[in-house]
Amino acid sequence: MISVIIPTYQSPEILDLCLKSAIEGQAQQNQIIVVVDGHYDINKDVLEKYKDKIQILILEENVGLCRATNLGIYNASNELVLIVNDDNVFPYNWDKELEKDYTPNSVISPNQIEPTPSMFKQFHIRDCGRDPKTFNLEGYWKYEESLRSHLTDSTGSTLPIFISKMDFLKVGGWDENYEQGMVADWDFFLKCNLSGMKMLRAYSCHFYHFASISVNGEKRQQAEQNGHNYAAYKWGTYIKHNPSNNLKYL
């Protein structure tokens with residue numbers, strides 16, 4: 001079985017769809033941990049709705065994406081863990097398909113479907129919906145299954161993250177010093193690569209990502225720049241991104 005870690009903040013409508021797809025789409029009873037990073041009252045109704053199917057880790061105050069994710073991992077009871085953002089939708093039989101793709105000493109990024117063009121050229125671009133209220137889950141599941149291929153390649157290094165708990169801890173997890181988690185994923189994948197892990201992308205299932213809902217603006221841009229600056233301070237140079245294989249390097 002798999003331990004799923006879903007950090008959430010103030011997006012109950014997206015979280016509702018995320019949990020519905022994770023629970024109804026699983027082939028077995030996995031451990032699903034929702035880490036509520038503050039603002040429990042905003043998410044209370046959704047969490048109550050699924051309380052018998054999930055475990056809830058309530059943080060009384062906002063500690064940030066990185067610490068919330070790490071705390072979720074610490075509470076995982078299974079060897080294999082899957083880190084998913086709450087603005088993702090799970091494909092059907094996601095657990096069975098991912099377990100087929102896993103190999104030791106690897107970090108696997110299941111491919112994604114996004115509604116708008118992405119910097120990651122491996123992503124499949126298809127507008128299956130931009131509003132969780134009107135999203136057609138059954139339609140997405142049917143379409144997603146038509147894309148599946150039991151092939152992997154070396155273009156991982158994107159979320160979601162499928163990895164063993166021991167490997168996650170071995171590389172130190174997510175660095176909690178990154179503001180709002182910006183650039184922390186680049187840092188994490190760089191550590192995985194430097195430790196000799198295989199950076200794999202799996203096409204056996206595709207998670208949907210509401211990229212259009214992502215918050216943009218000056219505050220986000222500033223937090224991202226702060227993240228890159230912290231990475232340069234930490235590593236002595238900025239972390240670079242290879243657009244052909246998504247590898248993070250110095």
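One is the number of the first residue; the rest follow in order along the sequence. The model shown is predicted, which means the values in this text are computed figures rather than measured ones.
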May I ask you to test the [X]-[Y] pair for a side-chain heavy-atom distance under 4.5 Å?
X	Y	value
I163	Y102	no
Y143	L147	yes
T8	D37	no
S106	M197	no
F207	L159	no
L82	I5	no
M182	R220	yes
W174	D187	no

query = What do you reckon, are the aromatic ring centroids of F168 and F188 less than 6.0 Å apart?
reply = yes
Spell out, as yes or no, whether a donor-acceptor pair under 3.5 Å connects the side chain of [X] to the backbone of [Y].
X	Y	answer
S21	F90	yes
N43	H39	yes
N85	N88	no
D95	Q28	yes
K165	L80	no
R148	S204	yes

Exercise: identify the closest heavy-atom pair between [X] and [Y]:
X	Y	answer
I108	A202	CG2-CB, 3.8 Å
F123	S118	CD2-OG, 3.4 Å
C205	P110	O-CB, 4.1 Å
V107	C192	CG1-CB, 4.2 Å
K20	Y50	CB-OH, 3.4 Å
C66	D175	SG-O, 3.4 Å

query = How far apart are the C-alpha atoms of Y208 and F135, what are their side-chain angles, what is the distance that settles it, and do they pass the ring pair (Phe, Tyr, Trp, His ring centres under 6.0 Å) test?
reply = CA-CA 11 Å; Y208 194 77; F135 188 84; 5.1 Å; yes
Are [Y] and [X] connected into the same hydrophobic cluster when the rule is that any two of I, L, V, M, F, W, Y join if their side-chain heavy atoms are below 4.5 Å apart?
X	Y	value
V183	L250	yes
L15	I33	no
V63	Y9	no
V4	L98	yes
I58	V34	yes

Value rounded to 0.5 Å, distance of [atom1] in [X] from [atom2] in [Y]:
X	Y	atom1	atom2	value
I2	I32	CD1	CD1	10.0 Å
H206	C128	NE2	SG	11.0 Å
M199	T152	CE	OG1	13.0 Å
W235	W186	CH2	CH2	14.5 Å
D101	L151	CG	CG	9.5 Å
N93	E144	CG	CD	10.0 Å

In terms of side-chain heavy atoms, does [X] have a donor or acceptor partner in [Y] at a distance below 3.5 Å?
X	Y	answer
Y203	D153	yes
E97	H150	yes
Q26	N30	yes
N226	Y178	no
N177	Y230	yes
H209	D87	yes
N75	Q55	no
S77	Q31	yes

Would [X] and [Y] pass as an ion pair if we require N to O under 4.0 Å?
X	Y	value
K142	E138	no
D167	K170	yes
E13	K133	yes

Can you establish whether the number of heavy atoms outside [X] located under 6.0 Å from its atom [atom1] is more than 12?
X	atom1	answer
K234	NZ	yes
M119	CE	yes
K53	NZ	no
E79	CD	no

request  = Check step by step if side chain to side chain contact (heavy atoms under 4.5 Å, CB included) holds for Y140 and I113.
outcome  = CA-CA 10 Å; Y140 152 66; I113 301 172; 4.0 Å; yes
task = Assess whether side chain to side chain contact (heavy atoms under 4.5 Å, CB included) is satisfied between L59 and L57, documenting all intermediate values.
result = CA-CA 7 Å; L59 307 181; L57 179 58; 4.3 Å; yes
Side chain to side chain contact (heavy atoms under 4.5 Å, CB included) between V81 and S3, worked out = CA-CA 5 Å; V81 296; S3 290; 4.0 Å; yes
ask   = Excluding sequence neighbours, so at least two apart, what forms salt bridge (Lys or Arg N to Asp or Glu O under 4.0 Å) with D52?
value =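 Counting only residues at least two positions away or on another chain, D52 forms no salt bridge (Lys or Arg N to Asp or Glu O under 4.0 Å).
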inquiry  = Just to verify, what does N246 make a side chain to side chain contact (heavy atoms under 4.5 Å, CB included) with, not counting sequence neighbours?
reply    = F120, Q122, T155, S157, T158, R201, H241, K248
